[in-house]
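Throughout, a chain's letter reflects where its sequence line sits, starting with A, and its residues are numbered from 1.
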Amino acid sequence: MLKGRYEGKAWKFGDNVSTDSIAPGRLMHLRSNPEEFAKHVLEDANPEFPKNVKPGDFIVADSNFGCGSSREIAPLIIKLSGVAAVLAKSFGRIFYRNAINNGMLLIECDTGKIKEGDMLIVDFDKAEITKKDDKEFRETFNLQKTEKVIVNAGGLLDYISSNNSLDDI
Amino acid sequence: MPKTLVEKILSNKVKHDVKPGDTIVADVDFTACHDGSGPLALRLMKKRNWDGVFDPKKVMFCTEFGPSPAKELSNEHSLIRNFAMKHNCYWHEGGTGNIHTHLLEDYVKCGDLIVAGDSHTTTHGALGAFATGMGSTDMLCVLRMGKTWLKVPESYLVQVDGELPKGVYSKEIFLKLLKDIKSDGAIYKALEFKGSTIESLSMDARFTISNMGVEAGAKVAIMETDETTEKFLEKMGRKNDYQKIKADDNAKYAKTIKIDATKLEPMVAAPHYVENGELVRNIKDLKVDIVFLGSCTNGRLEDLHIAADILKGKKVAPWIRFIVIPNSHKVYLEAFKDGTFTTLAEAGAMIQAPNCGPCMGVHQGIPGDGEIVVSTQNRNFKGRMGNPNAFVYLASPATAAATALKGYLTDPREVL
Ligand code: SF4
């Protein structure tokens, strides 16, 4: 369910962060143990991230975050690490669907002015991002209807369970 | 309204005219999961107390990383194997191919809507199918209900004309496209490939292009069907699965991208991004440790033939690990019968049973720290082959074979 407001620290990543970086193939034997896999989330891109990420933090990336393979373990271990939302200029299409299907939020927006360590406030009711220590900064975003419906239901499977059909999505 | 290929196929599926941006719910013609996407889908199925699939004759499961390299993965394999057996779904054991080769050899029909639990499902666009990859939750929805939701994508036309010069293959067409439009150049879009070059390509070569469509972010990478498509399906014993699929004249494309094939030269994608296209002749003195010829991108018979022609009667450089993995059991048997494997083995190749091998870093040829790999696969992301401290160059089978021979990254025109 979409909560109105999240507050947390920004972890900054660049362009084309692939699912191979988020959930490397060399650790595929951990796939059946997501809690253990989550201890390695994004470690090839930033070794500090899995060690120090706090519940409520944000991943903030440039374009094409989550490009590459369809492995759903990638958004799952990001969710397990407690990240409140991922913000990026654009997302890999399959990663995007996988995250939404798991009731996780992805925000497409201009992330150019967000720096590593910025304290962000993401407000879903107002569809805006602000910074705690910079009153000038304000970035808005749009959530698509279908995506909102799925996240609000708690994910695709909950949506199907409660609607018994996909036809009106 | 004149329609692009995907607009035609999707309109046909939902029985009314669709346009880019529409959200539709459509019946899936065939679906498949492998040991990557299948186990999670089945665990989620169990959690919901659901059991079974919408139509076992439209569902295939397979293991790609088999025979299994680790006990944890063996258990995952058992999970999907047992399910496939119990519910009478199609099943392919690890060591007989990868998901896409099974799909294109045995199942995909022209005009189909194909959804499978793997990103390179775009491969089947070469057969004139709307084919796209999804993750485990979407796959569970397809397995249960036989349906999925889709946004009708805008189409980009990729017009490729002219004769490919010596030493240049369909791999270069895609690497050049990636260099031009970058790996986010077609996110959420359909790529439609057309032109005299595409028409001249074999199916083996066309699959390479559609396979890599997702590397530009595309939802599908589709082509019109023709005699070549028909002959291929006939060879696979599926003549009736052929259908002429053609876009309307005057269909509207959001963008047209032109590639002059006559200007292409042997190219690689340098580490760690697929969009880092560089001409092979501009990279000097790059000593290579591993050459991998295989994967769902380039492990087909034509690819093995190209390598065997270069290596016939010769030996690969002594420091090279030359790993060859045909991408299906059919290809494996043909390469045995026509002597291709003898040629490659005599040259020093390590030939393995059909599976994904080191492509995703799971097993059978993980590079060491600092090592340089030249691979015919589709991705060279940091860590992709199992070691974030290795460096992967993506290349055509000819560049791979020439490199194995010399031990240094080599322009195949030097040895052809
Ligand atoms: S060969 Fe590589 S890209 Fe193709 S299905 Fe296997 S792991 Fe994926």
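- With respect to chain A, the highest number of heavy-atom pairs below 4.5 Å among B:Gly117, B:Ala70, B:Cys141 belongs to B:Cys141.
- Between the side chain of B:Arg379 and the main chain of A:Gly68, a donor-acceptor pair closer than 3.5 Å is present.
- One finds the CG atom of A:Leu157 at 4.5 Å from the CZ atom of B:Arg48 (value rounded to the nearest 0.5 Å).
- Heavy-atom pairs under 4.5 Å with chain B were tallied for A:Asn101, A:Ile169, A:Thr19, A:Asn102; the largest tally goes to A:Asn101.
- Contacts between A:Leu30 and chain B at a heavy-atom distance below 4.5 Å are absent for every atom of the residue.
- Taking 4.5 Å as the limit, some side-chain heavy atom of A:Leu166 sits within range of a side-chain heavy atom of B:Met145.
- Note that the CG atom of B:Asp184 and the NZ atom of A:Lys89 stand 10.0 Å from one another [nearest 0.5 Å].
- For A:Ile150, the part lying near chain B is the side chain, with the backbone staying farther off; criterion is any non-hydrogen pair under 4.5 Å.
- Here the closest heavy-atom approach between residue B:Gly386 and residue A:Arg26 is recorded as O-CD, 3.3 Å.
- Residue contact with chain A, scored on non-hydrogen atoms closer than 4.5 Å, involves the backbone and the side chain of B:Thr148 alike.
- Here the side chains of A:Gln144 and B:Thr23 are not in contact, with every heavy-atom distance at 4.5 Å or above.
- Few gaps surround CG on B:Asn82; more than 12 heavy atoms of other groups in view lie less than 6.0 Å from it.
- For A:Asp15, the part lying near chain B is the backbone, with the side chain staying farther off; criterion is any non-hydrogen pair under 4.5 Å.
- One distance of note links CD1 of A:Ile160 with CG of B:Leu140; it measures 7.0 Å at 0.5 Å rounding.
- No part of A:Asp62 comes within reach of chain B, as not one of its non-hydrogen atoms sits under 4.5 angstrom from that chain.
- Not a single donor-acceptor pair under 3.5 Å links the side chain of A:Arg31 to the backbone N or O of B:Leu40.
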Please evaluate residues A:Glu72 and B:Thr137 with respect to the criterion side chain to side chain donor-acceptor pair (under 3.5 Å), reporting the C-alpha separation (whole Å), side-chain torsions for both, the decisive distance (0.1 Å), and the verdict. CA-CA 8 Å; A:Glu72 196 156 314; B:Thr137 300; 2.3 Å; yes
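- A donor-acceptor contact under 3.5 angstrom links the side chains of B:Thr132 and A:Arg93, judged on distance only.
- Note that CE of B:Met139 and OG of A:Ser70 are 9.0 Å apart. Values are rounded to the nearest 0.5 Å.
- Across all non-hydrogen atoms, the minimal contact from A:Ser69 to B:Ser119 is CA-OG, 3.6 Å.
- Contacts between residues 35-52 of chain A and chain B, defined by a heavy-atom separation under 4.5 Å, are made by A:Asp44.
- Of all heavy-atom pairs between B:Val362 and A:Met28, the closest is CG2-CG, 4.2 Å.
- Of the two parts of B:Lys71, neither the backbone nor the side chain holds a non-hydrogen atom closer than 4.5 Å to a non-hydrogen atom of chain A.
- If you measure heavy-atom distances from B:Glu275 to chain A, the contacts under 4.5 Å come from the side chain alone.
- Of all non-hydrogen atoms in A:Phe91 and B:Ile187, the two that sit nearest each other are O-CG2, 3.4 Å.
- Per-residue counts of heavy-atom pairs under 4.5 Å with chain A were compared for B:His363, B:Lys47, B:His272, B:Lys219; the largest is that of B:Lys219.
- Taking chain A as the reference chain and counting heavy-atom pairs below 4.5 Å, the highest number among B:Asp35, B:Thr121, B:Val214, B:Asn378 is found for B:Asp35.
- Only the side chain of B:Tyr273 comes within less than 4.5 Å of a heavy atom of chain A; its backbone N, CA, C and O stay farther away.
- Here B:Ser183 is the residue among B:Pro39, B:Ser183, B:Ala218 with the most heavy-atom pairs under 4.5 Å with chain A.
- With values rounded to the nearest 0.5 angstrom, A:Ser161 atom OG is found 4.5 Å from B:Trp50 atom CH2.
- For B:Arg144, no part lies near chain A; criterion is any non-hydrogen pair under 4.5 Å.
- Taking both residues in full, the closest heavy atoms of A:Glu147 and B:Lys151 are given as OE2-NZ, 3.4 Å, listed atom of the first, atom of the second, then distance.
- Between chain A and the options B:Gly383, B:Gly217, B:Gly36, the largest number of non-hydrogen pairs under 4.5 Å is found for B:Gly36.
- With rounding to the nearest 0.5 angstrom, the OG atom of A:Ser32 is 9.5 Å from the CG atom of B:Leu79.
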